[in-house]
Each structure stands twice: as C-alpha cells, then as structure tokens.
Asker: 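Below is one structure. I have some questions about it.
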Number of protein chains: 2
Amino acid sequence: MNISEVAKLSGLAAKTIRYYESIDLMDPPRRGANGYRRYHDGDVQILCFLRQARQFGFNIDQCRLLLALYKNPQRRSTEVHQLVSDKLTEVDAHIRELGATRDLLAQLVGVCPNNEEADCAIIDTLSGQSEQSQVVKGVES
Amino acid sequence: MNISEVAKLSGLAAKTIRYYESIDLMDPPRRGANGYRRYHDGDVQILCFLRQARQFGFNIDQCRLLLALYKNPQRRSTEVHQLVSDKLTEVDAHIRELGATRDLLAQLVGVCPNNEEADCAIIDTLSGQSEQSQVVKGVES
DNA sequence: GCTTGACCTTCTAGTTACTGTAAGGCTTAG
DNA sequence: CTAAGCCTTACAGTAACTAGAAGGTCAAGC
C-alpha cells in the first residue's frame with residue numbers, strides 16, 4: 001500500500017503521515033525498490049487510532065502514551081482511564097472558559113447601538129473606559 | 001514611562017508589547033536618549049484595548065480591525081457590532097464542537113473497566129475495532 | 001518511444017501569538 | 001566599583017501541521 005492509499009483509509013493527509021513518522025510517533029515503514037513507503041493493514045489501524053485520539057483532543061505526546069498502551073498487551077485499563085478522564089476534565093474547563101467568553105461577547109453585542117453613529121459601547125468596554133460598566137462586571141441592574 | 005511600567009499597567013508582558021510593535025499592531029513609540037522606549041497614557045489605553053480584545057478571542061488581524069475602529073471617530077457602530085457578533089457565532093460553534101467531544105469522552109470514561117486488566121473499551125473504540133460501537137455512534141441502547 | 005498526469009521523494013519555510021535565551025548596554029544604590 | 005535590575009536586539013523554539021519547490025517514478029495513451 002502506498003501512502004496515498006493508507007491516507008485515504010485512515011482519513012489522514014499523506015503529509016500528516018510523513019510528519020508523524022518524522023516525529024517518531026509512527027515507526028518508519030519499509031520502502032519499495034523505488035523508495036516509496038509501503039504500508040500494511042496494521043499501519044492503517046494505528047493511523048486510525050491516532051486520528052481518533054487527535055479528534056478527541058489529545059495532543060501528540062498524549063497520543064504517544066495512548067499508542068504505547070494500545071500496543072502493550074500488559075497495559076492496565078486504569079492507565080487508559082486516567083488519561084481519558086484527565087482529558088475530560090481539561091475539555092470541561094475549556095468549555096467553561098469559552099462559555100464565559102461567549103456570555104461576555106453576547107452582552108457586548110447587546111449594548112452596541114448597531115447603527116451609523118460612531119458611539120459604541122463595545123469600543124468603550126474594550127478600551128476599559130467604562131471600568132464600572134455593568135456589562136464587564138456582570139452587575140446587571 | 002518605560003516598557004515595564006506600561007506592561008504592568010496594561011497587563012501585557014513587555015515581550016508582548018515589543019512583539020505587537022514588531023508586527024505593526026502598535027505604532028513604535030519615541031525613544032529616550034538611552035534608546036529606551038517611552039510610552040504615554042494613550043499607549044496604555046491602546047494596550048488595554050488589545051489585551052481585552054485578545055481575551056475575547058479576537059485574533060491579531062481582528063484586533064487590527066477593532067483598533068482601527070477604536071481610533072476612527074468616523075466609525076459606524078454597525079461595523080463594530082458585526083465583528084463582535086461574528087466572533088460570538090464563532091465561539092458558539094467552537095463550544096458546540098467541544099461539547100460534542102466532551103460527551104464522547106465522558107462515554108469513553110464510562111465504558112472503561114478501570115482496573116488492572118488489559119481489556120479496555122476505550123482502546124477498542126479509538127482503534128475503530130468496534131465500528132458499530134454504541135459509544136461512537138451515540139446509539140445509546 | 002514519448003508524453004502526460006498522477007503519483008512519490010526530500011527539503012525548506014510558513015502558520016499563530018507569543019516565549020525563552022543570549023549577549024550586551026544603561027541606571028542606580030551601596 | 002560593583003551588583004542588581006532595568007533596557008536593547010536578534011535568534012530560536014513552541015504545536016501540529018501545511019504549502020511549495022524541485023525532482024524521481026509509474027502507468028496509460030498515442
């Protein structure tokens with residue numbers, strides 16, 4: 001299997017697969033007489049695993065750990081559980097942060113007159129000129 | 001005012017301020033006889049504005065636009081409103097994506113036996129070996 | 001045999017928004 | 001005079017790719 005085929009099957013770009021090889025996330029495959037990389041079904045499995053893990057928000061180093069567990073028949077499932085629940089905590093925190101940002105943005109949208117005039121409470125808020133602003137402090141009325 | 005003072009007042013790192021100058025986000029300040037940058041209150045205003053905008057999730061180019069509007073007394077508030085409501089839409093989309101990821105992670109955490117055995121449904125799911133998995137497809141029961 | 005297009009290869013550089021580090025000059029207190 | 005604590009520039013590194021250049025290989029069609 002050449003790289004474009006394994007790319008199609010795994011859902012990753014060929015460039016990404018070469019990149020994963022270059023950072024030792026993936027073992028380098030054998031090469032054909034022409035120098036082309038030759039992949040097998042097991043490689044597709046691993047690349048799918050990596051794609052999924054990345055989609056779940058694991059970074060490359062975390063993928064490295066997950067992959068080691070994946071390959072290790074002596075793993076303990078608690079180790080996997082730990083990695084995933086840590087990630088869950090992390091994503092939860094991120095969502096909360098973004099939620100707070102979203103609420104503030106929504107308030108900004110609400111206070112802008114949205115007309116042809118220059119006067120704009122958003123600008124005032126961002127410049128910190130209305131430090132006591134109900135919007136920023138969330139002290140609505 | 002030297003850079004460390006304006007940094008303290010604006011809440012940005014001195015490095016960041018120099019960086020903003022280097023990418024023409026900020027006008028270069030006058031220099032003292034010793035070559036040091038000298039800032040004024042207006043610079044603090046602008047840097048606060050930028051810090052706030054960045055915290056709201058605007059990227060550098062969007063900050064450029066916002067800053068231009070901030071500086072322009074002939075601006076129309078609709079322009080500001082547009083930028084902010086676009087950002088709101090963007091953040092909302094991001095939150096929805098993360099929420100989906102969070103739910104999937106939570107399901108993964110739920111299916112892992114979390115013990116000393118190697119058997120782990122998380123690994124199976126990530127490797128795509130349980131393609132019909134209720135977890136992945138979200139077909140709960 | 002030749003061309004064309006789709007593959008494949010390596011290498012370098014660009015992306016975002018900084019941050020770290022090095023190497024050196026300025027300022028001020030002791 | 002020296003030491004700490006500022007300031008300067010310039011270069012490199014971060015994460016995870018992505019784009020592009022320059023060139024080799026392969027299969028099909030004429």
Side-chain angles (χ1 to χ4, degrees), chain A residues 1-26 28-40 43-44 46-67 87 90-91 94 97-98 101, chain B residues 1-26 28-40 43-44 46-67 87 90-91 94 97-98 101:
Chain A
M1 220 183 321
N2 282 344
I3 199 167
S4 66
E5 173 131 23
V6 84
K8 197 185 306 171
L9 290 175
S10 68
L12 291 170
K15 284 251 180 208
T16 302
I17 296 171
R18 288 195 203 97
Y19 170 69
Y20 285 173
E21 183 187 330
S22 80
I23 60 171
D24 295 320
L25 181 54
M26 228 209 142
R30 304 281 166 88
R31 301 290 185 118
N34 50 15
Y36 290 11
R37 289 169 179 81
R38 280 182 333 169
Y39 295 95
H40 309 286
D43 298 319
V44 176
I46 284 176
L47 289 167
C48 283
F49 184 91
L50 289 173
R51 179 181 49 74
Q52 296 259 31
R54 289 287 299 124
Q55 275 179 355
F56 275 109
F58 293 97
N59 68 23
I60 296 288
D61 275 344
Q62 292 163 341
C63 285
R64 243 181 257 279
L65 294 176
L66 283 170
L67 196 53
K87 177 57 63 182
E90 200 180 297
V91 169
H94 195 177
E97 261 180 53
L98 270 185
T101 298
Chain B
M1 222 185 317
N2 282 344
I3 199 167
S4 67
E5 174 131 22
V6 84
K8 199 185 305 172
L9 291 174
S10 68
L12 291 171
K15 281 250 174 206
T16 303
I17 296 171
R18 289 195 203 96
Y19 171 69
Y20 284 173
E21 182 187 330
S22 81
I23 60 171
D24 295 318
L25 181 54
M26 230 209 140
R30 303 281 165 87
R31 299 291 185 118
N34 51 14
Y36 290 10
R37 289 169 179 81
R38 280 182 333 166
Y39 294 95
H40 309 286
D43 298 319
V44 177
I46 284 175
L47 288 168
C48 282
F49 184 90
L50 289 173
R51 179 181 49 76
Q52 295 261 30
R54 289 285 300 124
Q55 275 179 357
F56 276 109
F58 292 98
N59 69 24
I60 296 287
D61 275 343
Q62 291 162 341
C63 285
R64 241 180 259 279
L65 296 176
L66 283 169
L67 196 53
K87 177 58 63 180
E90 201 180 295
V91 169
H94 195 175
E97 260 181 54
L98 270 185
T101 297

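The sequence lines fix the lettering, A, B, ..., with proteins before strands; numbering per chain opens at 1. What you see is a predicted model, and the numbers here were worked out from it, not measured in a lab.
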Asker: Is A:Y20 close enough to D:dA16 that one of its side-chain N or O atoms is under 4.0 Å from OP1 or OP2 there?
Answerer: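 Result: no.
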Asker: Are any of B:T16's side-chain N or O atoms less than 4.0 Å away from OP1 or OP2 of C:dA17?
Answerer: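 For B:T16, the contact criterion (side-chain N or O under 4.0 Å from OP1 or OP2 of C:dA17) is not met.
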Asker: Indicate whether OP1 or OP2 belonging to C:dT10 is found under 4.0 Å from a side-chain N or O atom of A:R37.
Answerer: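 Answer is yes, contact under 4.0 Å.
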Asker: With the side chain of B:I60 defined as its heavy atoms from C-beta on, choose the nearest nucleotide among C:dC18, D:dA16, C:dC8.
Answerer: C:dC18
Asker: Base, sugar-phosphate alone, or nothing: which one does A:I23 contact when heavy atoms must sit under 4.0 Å apart?
Answerer: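 No contact.
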Asker: Just N and O in the side chain of A:S4: are any of them under 4.0 Å from OP1 or OP2 of C:dA6?
Answerer: no
Asker: Report yes if at least one side-chain N or O of A:N34 is closer than 4.0 Å to OP1 or OP2 of D:dG24; otherwise report no.
Answerer: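 For A:N34, the contact criterion (side-chain N or O under 4.0 Å from OP1 or OP2 of D:dG24) is not met.
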Asker: Could I get a table of every N or O pair under 3.5 Å where one atom is in the protein and the other is in nucleotides 11-14 of chain D?
Answerer:
none

Asker: Check this for me, if you would: do A:R18 and A:E21 make a salt bridge, where the nitrogen-to-carboxylate-oxygen distance has to be below 4.0 angstrom?
Answerer: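 No.
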Asker: To the side chain of B:Y36, which of D:dC7, D:dA16, C:dT9 is closest?
Answerer: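 Within the option list, the nearest is D:dC7.
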Asker: Among C:dC18, D:dT9, D:dT18, which nucleotide has an atom closest to any side-chain atom of B:R54?
Answerer: C:dC18
Asker: Please determine whether a side-chain nitrogen or oxygen atom of A:R31 lies at a distance below 4.0 Å from atom OP1 or OP2 of C:dT10.
Answerer: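 Checking C:dT10 against A:R31, a side-chain N or O does come within under 4.0 Å of OP1 or OP2.
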